[in-house]
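Everything on this sheet refers to the single structure shown next.
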Protein chains: 4
Amino acid sequence: MIIVFKPHAPKEQIDAVADEVRKLGYEPRLITGVEQSICACIGDERSQHTLETLTVFPGVEQVMRVQKRYKLVSREGRSSGTVVPVDGGKLKIGGRKFHVMAGPCSVESQEQILSTAREVKARGATILRGGAFKPRTSPYEFQGLKEEGLEMLAAAKAETGLPIITEVLAEKDVALVARYADILQIGARNAQNFALLVAAAQTGKPILLKRGLSMRIEEWLLAAEYILNEGNPHVMLCERGIRTFETYTRNTLDLSAVAIAKQETHLPVIIDPSQGCGRADLVVALCKGAVAMGADGLIVEVHPNPAEAMSDGAQQVTPEIFGGLMKAIEPLLAAVDRSL
Amino acid sequence: MIIVFKPHAPKEQIDAVADEVRKLGYEPRLITGVEQSICACIGDERSQHTLETLTVFPGVEQVMRVQKRYKLVSREGRSSGTVVPVDGGKLKIGGRKFHVMAGPCSVESQEQILSTAREVKARGATILRGGAFKPRTSPYEFQGLKEEGLEMLAAAKAETGLPIITEVLAEKDVALVARYADILQIGARNAQNFALLVAAAQTGKPILLKRGLSMRIEEWLLAAEYILNEGNPHVMLCERGIRTFETYTRNTLDLSAVAIAKQETHLPVIIDPSQGCGRADLVVALCKGAVAMGADGLIVEVHPNPAEAMSDGAQQVTPEIFGGLMKAIEPLLAAVDRSL
Amino acid sequence: MIIVFKPHAPKEQIDAVADEVRKLGYEPRLITGVEQSICACIGDERSQHTLETLTVFPGVEQVMRVQKRYKLVSREGRSSGTVVPVDGGKLKIGGRKFHVMAGPCSVESQEQILSTAREVKARGATILRGGAFKPRTSPYEFQGLKEEGLEMLAAAKAETGLPIITEVLAEKDVALVARYADILQIGARNAQNFALLVAAAQTGKPILLKRGLSMRIEEWLLAAEYILNEGNPHVMLCERGIRTFETYTRNTLDLSAVAIAKQETHLPVIIDPSQGCGRADLVVALCKGAVAMGADGLIVEVHPNPAEAMSDGAQQVTPEIFGGLMKAIEPLLAAVDRSL
Amino acid sequence: MIIVFKPHAPKEQIDAVADEVRKLGYEPRLITGVEQSICACIGDERSQHTLETLTVFPGVEQVMRVQKRYKLVSREGRSSGTVVPVDGGKLKIGGRKFHVMAGPCSVESQEQILSTAREVKARGATILRGGAFKPRTSPYEFQGLKEEGLEMLAAAKAETGLPIITEVLAEKDVALVARYADILQIGARNAQNFALLVAAAQTGKPILLKRGLSMRIEEWLLAAEYILNEGNPHVMLCERGIRTFETYTRNTLDLSAVAIAKQETHLPVIIDPSQGCGRADLVVALCKGAVAMGADGLIVEVHPNPAEAMSDGAQQVTPEIFGGLMKAIEPLLAAVDRSL
C-alpha cells in the first residue's frame, strides 16, 4: 500500500500514521517529495489489513493499493490457459476448438426444447442452453418451469447428446440443478451472491460466471476467485454486457473485457451476445466481433418462435438466423486459428 | 403496449402483427400517422405476455410499455404512507419522527459493539446497526463473525434497548438472522437475489431493501414488489449510492431517488450516506441533504476507531463526529416539520 | 508519480525505467516490496512530463499520480472562499447571502421575459436567467432568438434591475454576449470546449461553469483552472446532473459534488435542479437538498406557461411553484445559517 | 407523439390536453385502455413542437416520441452507403477497401512526424494522423504545436503522399486547419459543440466525427445531422469509447455501435481503438474486433517512442506493433470480404 500525505502535513501526523502502519503489520518507508510525502508500506496486501482505513488519519490524502487482489485466477506464473472439461471430458472448453452453446432463454415445453436442441445441434452447437429457473425483474413475470424444465432438458440431452448449461438461482436448488446440468450458470444478478458462488463451487461442476451489470473487471475476477478458493478450478468467465447510459441497446457488450480477461487470467472467456445487446438484429455482428477478439466460445439464445417466447423474445434468434451465424463465424475462426 | 411500425411498413406486415396481438390476448387499435403507423394494444400488461417480443416481426420498429410494472408498492390510490413497526411496535418508521440507525460496518467484538451502542444511543440513534455476515468483494477479506456476531448484537440490545438491524446474505441464514434481528437488511449486491428476497419476506420481519449498484428505480421498486407479493408489507427502501464514472466518491448518492420513491410508492425511504460516498468526510453533508429531501431516516456507520476497522474504515465516523451529525440535522428536521 | 512494477520484474527492467525517469526530470527512489517493487518519482507533476507513458516499458504494471492536478482553484492554503461580484459588485455570490437565479430556459418574446422577470423578482430571485443562444441536440429544434433575445434580456434588466445570466455557445459570440450578460454561462456540452473557456475568461466577466454530463469532478475543476489561468478569478461551479443509467430522471443530480467542490476549491457552487432531473415535479425537493448540502445558490428554470415553452418545458416550473420553492427553502437556509 | 394519461385521469384533464395538442399543430386520437388512456398525436415530430412539455399538464403520466429525430443521416430509403472521397478523390472511404489512419497522438517535431509517416505508410496505412491542436484536460499539459504542427504534417504529406487527418478545436482555427487537412477531425469533447460542427461543415471537407464520451448513439447521429444539414455529406462516424464505471480501461469501446451505426445510417464508421481503451496492449485485439464487426476503417495512434510522447503515450503503439496489427487484421478482412 502507498499512503499519500497532504502537502505540508506536519511531521507528527506522518509519524502517527507510520506507527499505525507498523501496528497493522506492515513496514513503513517514508519518502519526502517536492510537495508531498508518501509512505510505501511493505507487506502482503491480501493477507493483512489493507490500510485503506488510514484515510481517516489527519494529514492523509489518499491510500493506494499496489498489489492485485486476486491470485488463483491470475495468469501470472502460468504457462498455459485452463481447459474446462465438460460432461466427463467429452468436451473441452478453452482450447483451440471453439464452442457454441445455444438454446432458448427459457425452457417452455418438451416440444420446444427438443426441437430447438435438434436445430442447434444440426447447425453446429455443442452445448444446449435453456433456463428452468428464471430471474425476473418483476414477480409477475414467468419464473421458469423449475424441476419440470430440468427434466425436459435431460430428455433433450438424452436424445441429442448435447451437454446442458442452465442457471442456478438459489442455494437451495444447487444440488437439484447440479444433478441435471453439465455446466452451472451463475447469472449477472447473482454474480456477487457469494453464498451461491460457494455452494455452486462445492458441487465440483464447471461454472459459467456471468459478469454483473455494473461489475468492474477486478470484481468479476474476484468473484471467480471465490469459486477457485473452494477448490473448483473449472470456471468460465462470461461477458454479457454492462449497464451504461446507452438506450439503443439493453446493455453495452464490453468486448475489450475478452482481451483483458485473457491477459489477466488463465480462464476461458465466453461471450453472450443476446443479453449483451438485447436485440436479435445485432447478435450475428457481435458474435463475429467476439470471435475476432479471441473469445473461447459463445452462448446464444435461439428460439423456434421468438415472438411467442415467454421471456426475452426480442433478443432470441430463430434457428435459421442461428445457422447463418454459424456460417458467418467460420471464416473468422479460421483467421484466428481456431475452429468449430 | 404500443407498437410503432417502421415508416411505410406494408399493410400485410401490420395485419400480421395485429393478428399476433390478438392471439396474445390484447385488443389492437391501429392509428395511421403522417410517417408511421402505430398499434395501441389494450389489455393488462402485468397479467399477460408483454408484447415486447413483437420487435422480431418485420415492419416493427419498437414496442413501448404504457403501464407501470408495479402495483403493491405504488402510491396510487393510497391516501397515506406505510408506517413500519419495529421490535413489536416500539418504534415506527415512516411517520413524523425521524429515525437514525447507527453502528459499525462489522461487529468485531463484544466490547466494540457494546461501546458503540452506548455511544450512538447517547447521541440520539434509535436503532443499532452492525454486520455479522459481511458480503466482501474478495474471499480474502474479513467475512464477519456470523452467529457469534449476532449474539454480540443481542447483548448490546439487551443492555441498551436499541433494536437491531443486520444484513442477511444467504437463504440458509435467514431463520438464524431473523431470530436476532428486528430489521433484516438486504444488501445492494443481493437486491435482485429474488430467492433471498422471498425467504426474507416470509419471516414477516421488517426489511430494509438497499438499491443495487446499477439498479434503475423501477427495478428497485419491483424488487420491493417481490417482498410485498409474499404478504410482507413492512419494507423500507434504502438508497445507498449508485455506480457511476465518478472516482472522488465510491458511489454517487442519488438523492433525487428520495423524492421519486416518496412520490411513486407509499414506503419509507432511508438514506445510507456511508456507502453512498465511501468517505467519512462527506457523511455529515449528505445526511443534511437527505433530511432536507424528505428521507424518513438514516443508516450511518459509526466505529470507535475507524482506522482499525475490519471493513470499510474509510467511510465510518467516530462517535464524536456522529454527535456533531445529530446536532447538525436537528434544525433541518425542524425546518421540514420532523423531529428526532 | 509512483511506478509499480510487475511481480518479479527483473533488475534490468527496473533500472531501465529508473534511467528514463531521470531523463524525464524526476528523481527515482526504488523500494523493494514483498511481491513487487515500486519507484517513487520525485518532482513537480504539473510542470513536467507525467510519466504515465512509462506503462509501455516492460516490467511496469501501473503508474499512479500523487499530486493534485489543479492549483489555482484549490482551497489549499486559502483561508476563505472566493466571493464573486456581479454587475459591478451590486451582488456578491459566495458569502452568507444565498442567491437564486431564475427565468425561462429560452427567451421567447419580450413579453415572456419581462413578465417572468417581474414574477421571479417579486418572489425573491436576484438574478434573471434566459437563453438567447440555445445548444440543441437536433438541428431542427429552436436555436434561440440570438441577439434579439439578448436585447429582450436587457430590457427586462432595465425594468427590474435584475442582473442577467445567459449562455454563450460560440467563441465568435463571446464579445456580443458579454456586452449584455452580467454572468456568462458555459453549458455542460461546452465544459471542455477549451477555446470557449479561454475566450470567455478573457472578458473578465463572472463565469458560471456547468459540469459536463460525464465529467469527473477533477476534470470539472481543471476546466475551471483554465479560466483562472487566464487571470479571471470570478468562477462559479454549477452542478447540473451527470449522465447515468437511470431513466426516471433525465440526469442524476450529484449533490455530493457540492460538498466535494466546497472542500477541494475556494469557488462558489451553484445547483441547477431543472437540468439536474429534467422534471418539474422534483425541482422543489432538489432545491431543498441543495440548500442543506451547502450550495451558494440555485439556478432555476421558470416559465409563465411551461406547456408551450419552446425548449425543455417539462422541467420548467410556473411562477407560482417558484414562489412555493422560495418559501420552502427559507427555513432550511436559516438552519444552515444563511439567508436570501 | 403518444401521451399516456395517469390511471383514472378525469375526462376534463384529457380534454384539456387534447385541446392543447390541437393548438400545437397535431391531431389527437384518444384511445381508452383497460387502466389508462392514451392520446396518439398525429403530425411531423421533427417540424413541430414536440409535445414533451405536456407532462406538466395534470393527468399526464408520460409523453413518448414515435418518430426518429434524424433524417439526412438515416439509411432509410437509401440503397447504398455513402462513400467519402478524400484528397480530391484519391482515396474513398466506405467501400470495399478498408482504410487505416495512423500516426502520433501529437505532432512533436518534423523528424517525429516524418519518420512516423514513413513507417506507417510502409506497413499499409493510407492516411496520416497527427494532432497539431490538442484538447487537454489540464491547462498545464502540452497544447500542441498549432500552425507549426500543421506545416510539419504538410511536409510529411509532401514526402509520403499520405493525406492528412487532424483535429480542429476552435471555430477561429477552422479555416487554417482546413488549408492543411484532408479530413477534419472533431474530437469527443467537441462532439456537441454545434458552432464548431457548423463551421467545419461549411468548409466542405470530409469530417470525422468522434462520439462524445457520454453521447447516446441517437445524439451522435444528430450531431452528424448538423453537418449534413449544412450541405456537407462527407461525414464519417468514429466510435472511440464511452465513459463507464470500468477502470481497467480508460473508456469502454462500444463495438456494438458499429453495427448500429451501419444499420441506422448510410455513413462510414471508423474505430479508434487507442482512445477506446487507453492501453497500447489492447489495441491489436480491438482492431481485430472492429474489422469483424464491419467497421470501414481504423484510426490508430503510432509513435516512434511512446514512453517520451508528449501526450497519451500509454495508448500509442510502436511502428513494429503497428506492423503486427496490420498483419493480424488481414485475414479477418478477407473473412468479411474486404481488403486493405
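Chain letters run A, B, ... following the sequence lines, proteins first and then strands; every chain starts at 1.
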Quick one: which residues of residues 263-276 of chain D reach chain B at under 4.5 angstrom, heavy atoms only?
->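 At a heavy-atom separation under 4.5 Å, chain B is reached by no residue of residues 263-276 of chain D.
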
Tabulate, in ascending numerical order, the residues of [range] having at least one heavy atom closer than 4.5 Å to a heavy atom of chain D, or enter 'none'.
range: residues 19-27 of chain B; value: none
range: residues 5-18 of chain B; value: B:Pro7, B:His8
range: residues 238-246 of chain B; value: B:Arg243, B:Thr244, B:Phe245

Heavy-atom distance under 4.5 Å to chain B: side chain of [X], backbone, both or neither?
X: D:Val66; value: both
X: D:Glu45; value: neither
X: D:Thr247; value: neither
X: D:Gln36; value: side chain

Where is the tightest heavy-atom contact between B:Ala40 and D:Ile31, given as atom of each residue plus distance?
->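 Smallest heavy-atom distance, with atoms named: CB-CD1, 3.9 Å.
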
Which pair of non-hydrogen atoms, one from D:Arg65 and one from B:Met64, has the smallest distance, and what is that distance?
->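 Looks like O-SD, 4.0 Å.
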
Output the option from D:Arg29, D:Gln62, D:Lys68 having the highest count of non-hydrogen pairs under 4.5 Å with chain B.
->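 Looking at each of D:Arg29, D:Gln62, D:Lys68 in turn, D:Lys68 comes out on top.
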
Atom CD in B:Gln67, atom CD1 in D:Ile38: separation rounded to 0.5 Å?
->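 Here the rounded value is 10.5 Å.
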
Side chain, backbone, both or neither: which part of B:Thr32 has a non-hydrogen atom closer than 4.5 Å to chain D?
->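 Backbone only.
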
